[in-house]
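This report concerns only the one structure given below.
We use all heavy atoms of the structure for the numbers below, so side chains are in, but hydrogens, waters and symmetry mates are not. Throughout, residue positions are numbered sequentially from 1 according to the sequence presented.
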Amino acid sequence: MTSVFDLFKIGIGPSSSHTVGPMVAARRFREALPAGTACITAELFGSLAWTGKGHGSNRAIALGLMGARPETLDPDDVPALVARLFIRKSIEVEGARIAFDPEADLIFDFDTLMPLHSNAMRFRAYDADGARLDERVFYSIGGGFVVAEGEPREPEAVEVPHPFATASELLSACARTGLTIAGLQMANECALRPAEEVEEKLDAILAAMFASIDRGLAQDGTLPGSLRVRRRAKAIRDQLEADRHANRRPPHEIMDWVSVFAMAVNEENAAGGRIVTAPTNGAAGIVPAVLRYVRDICPDTTHAQLRAFLLTAAAVGALIKRNASISGAEVGCQGEVGSAAAMAAAGLASVLGASPAQIENAAEIAMEHHLGMTCDPIGGLVQIPCIERNAFGANKAIAAASLALRGDGVHFVSLDQVIETMRQTGADMQSKYKETSQGGLAVNVPEC
């Protein structure tokens, strides 16, 4: 089972696979360092090498080796922590100093592709005489998930009351039990932890998502990186507020609000702020934007419905992760923005009273109309086209839910079929279109 808390993880930007994953891997290596370790090295391969500096992978590795956790790290502390490491050129582990110079001991290998996944890292530990004590390879497989070489890609199976591996099985379980998708997912979550804890953690995710919107709407200036991209969310919010006070409110204003909610989150992500993977950092604005739409614009939404939104979205995200991928480096942006839009469409449909069949239809529509989307960030930064893609993904999710609610749940293409199509499309997609910044907009739009 993939838990709602596997897909929605509080962390920092700008990338779940290139920032959160490497930090987790580096900390895991730190925690297993053998006695007598005097120095360590780290190597990045594939997509992590090609776009790692733009995504802050080098900084994430350094922070993880210093013991930082993405879920508790304060983004405001990052510059000082990294600066201290550059000065000391060592980390401290249980009172012992271990040499690690991020300028010399962190290597970007642009030529080697490791076998399991494009996002690969290798850590090595040496004693004072230069003898190798340990070597571990980790793969960041998307959404902050990390597996070590030799580990199974999926975690060990956990017994839950209503297991499902496909959308067809999910719908059958709902029909058999009379549970909604959210109710079924909640029952499975309660096999892992008490219901009170599930609700508490869901509320923490909701709070973090809404906080990322609020902070993004309040910030201006430029985003870090060579592109010098201006933040736009605050200015757009200000324009919308001015139009409201002047009684100039065109029908498409709601779409503009949804767009600015999504952009606010992804500007925060690009700035290295605190966000929630949903299911990745690159697509982190879509689910929060649609949730904010539900909370602020749809009438009479309850807090329980917001929790149900997350649970329903997680059930759909789990299907995509299990049967295809949520990794841009593996299947392109269809696996990130497409997955997030499908999850958001399902969550919205559930709040609006859709049946399980209509919810499945909403997710299918949203996923179908992101098929083939490439991941081609300019300069390796999660900025262009990523920020605007979240705005469009959120609006597509709302359109998909609306279309599904106008039907009875019967439709020609199933969610299972479109997930399999996404997997095949990703497998056929050339690697230059999968988070390498070696194709698409990344090479056709100059950085300056």
Side-chain angles (χ1 to χ4, degrees), residues 9-31 33 37-45 47-109 119-125 136 138 140 144 146 212 215 219 221-229 231 267-275 277 281-282 284 377 379-383:
K9 296 189 286 288
I10 299 173
I12 64 170
S15 171
S16 49
S17 59
H18 287 58
T19 311
V20 175
M23 193 184 305
V24 170
R27 183 180 170 88
R28 283 184 60 182
F29 183 70
R30 169 196 169 95
E31 291 174 343
L33 281 172
T37 298
C39 65
I40 54 181
T41 63
E43 298 167 88
L44 303 181
F45 304 95
S47 178
L48 283 182
W50 294 322
T51 64
K53 290 184 178 178
H55 286 87
S57 301
N58 47 349
R59 181 183 61 193
I61 292 284
L63 291 165
L65 290 174
M66 286 188 282
R69 299 177 184 271
E71 64 271 21
T72 58
L73 178 64
D74 186 338
D76 292 336
D77 293 339
V78 169
L81 289 170
V82 174
R84 186 173 66 186
L85 178 61
F86 271 80
I87 294 170
R88 295 184 177 180
K89 303 185 189 307
S90 65
I91 63 171
E92 187 173 320
V93 180
E94 296 182 350
R97 288 210 172 275
I98 298 175
F100 178 73
D101 180 355
E103 292 185 291
D105 299 326
L106 181 55
I107 302 159
F108 289 79
D109 186 330
N119 292 336
M121 299 156 273
R122 180 165 61 202
F123 298 89
R124 287 171 171 162
R136 299 196 75 189
F138 293 90
S140 181
V146 171
S212 66
R215 181 169 172 79
Q219 303 296 312
T222 58
L223 296 171
S226 59
L227 301 181
R228 306 297 295 167
V229 171
R231 285 182 180 255
E267 287 179 355
E268 274 299 287
N269 177 61
R274 182 169 301 286
I275 52 88
T277 62
N281 285 33
L381 300 169
V382 191
Q383 297 178 12

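In this structure, the side chains of C39 and F100 stay at 4.5 Å or more apart for every pair of heavy atoms. At a threshold of 4.5 Å between non-hydrogen side-chain atoms, the residues L44 and D109 do not count as touching. Using a 4.5 Å heavy-atom threshold, the side chains of V24 and P70 count as touching. Counting heavy atoms from C-beta on, the side chains of R122 and R136 never come closer than 4.5 Å. Using a 4.5 Å heavy-atom cutoff, the side chains of L223 and L227 are not in contact.
Residue L85 comes nearest to M66 through the heavy atom pair CB-SD, 4.0 Å, listed as atom of the first residue, atom of the second, then distance. Across all non-hydrogen atoms, the minimal contact from A270 to P224 is O-CG, 3.6 Å. Residues S57 and L48 approach most closely at OG-CD2, 3.9 Å, considering heavy atoms. Here the closest non-hydrogen pair linking G54 and L381 is O-CD2, 3.1 Å. Across all non-hydrogen atoms, the minimal contact from A26 to I61 is CB-O, 3.5 Å. Across all non-hydrogen atoms, the minimal contact from S17 to P22 is O-CD, 3.1 Å.
Summarising the geometry, atom OG1 belonging to T37 is positioned 9.0 Å from atom CD1 belonging to I91; distances are rounded to the nearest 0.5 Å. From K9, atom NZ reaches atom CG of N281 across 9.0 Å, with rounding to the nearest 0.5 Å. Rounded to the nearest 0.5 angstrom, I275 CD1 and N269 CG are separated by 4.5 Å. Here the straight-line distance linking atom CG of D76 with atom CG of L81 works out to 11.0 Å at 0.5 Å rounding. Remark: S16 OG to M23 CE distance equals 12.0 Å, nearest 0.5 Å. For the atom pair NZ of K89 and CZ of R97, the computed distance is 13.5 Å after rounding to the nearest 0.5 Å.
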Task: side-chain contact (heavy atoms from CB on, under 4.5 Å) assessment of S140 paired with M121 - done: CA-CA 8 Å; S140 181; M121 299 156 273; 4.0 Å; yes
- [ ] For H18 and S47, run side-chain hydrogen bond (donor to acceptor under 3.5 Å, both in side chains): C-alpha distance rounded to whole Å, both residues' side-chain angles, the deciding distance at 0.1 Å, then the answer.
- [x] CA-CA 8 Å; H18 287 58; S47 178; 3.0 Å; yes
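Ring geometry, F123 versus F29: the interplanar angle falls under 30°, so the pair is classed parallel (tilted spans 30 to 60°).
In this structure, K53 is positioned above the aromatic face of F108, its NZ or CZ under 6.0 Å from the six-membered ring centre and within 45° of the axis.
A donor-acceptor pair is defined here as one N or O able to donate and one able to accept, closer than 3.5 Å; no such pair exists between the side chain of T277 and the backbone of G144.
For CZ of R228, the number of neighbouring non-hydrogen atoms (other residues, nucleotides, ligands) closer than 6.0 Å is 12 at most. Annotation for E94: atom CD does not count as buried by contact number, only 12 or fewer foreign heavy atoms lying within 6.0 Å.
No hydrogens or angles considered: nothing links the side chains of T41 and R124 as a donor-acceptor pair under 3.5 Å.
With respect to the salt-bridge test (charged N to carboxylate O, under 4.0 angstrom), the residues E268 and R231 qualify.
Put simply, the residue from V93, D105, L65 that forms a side chain to side chain contact (heavy atoms under 4.5 Å, CB included) with I40 is L65.
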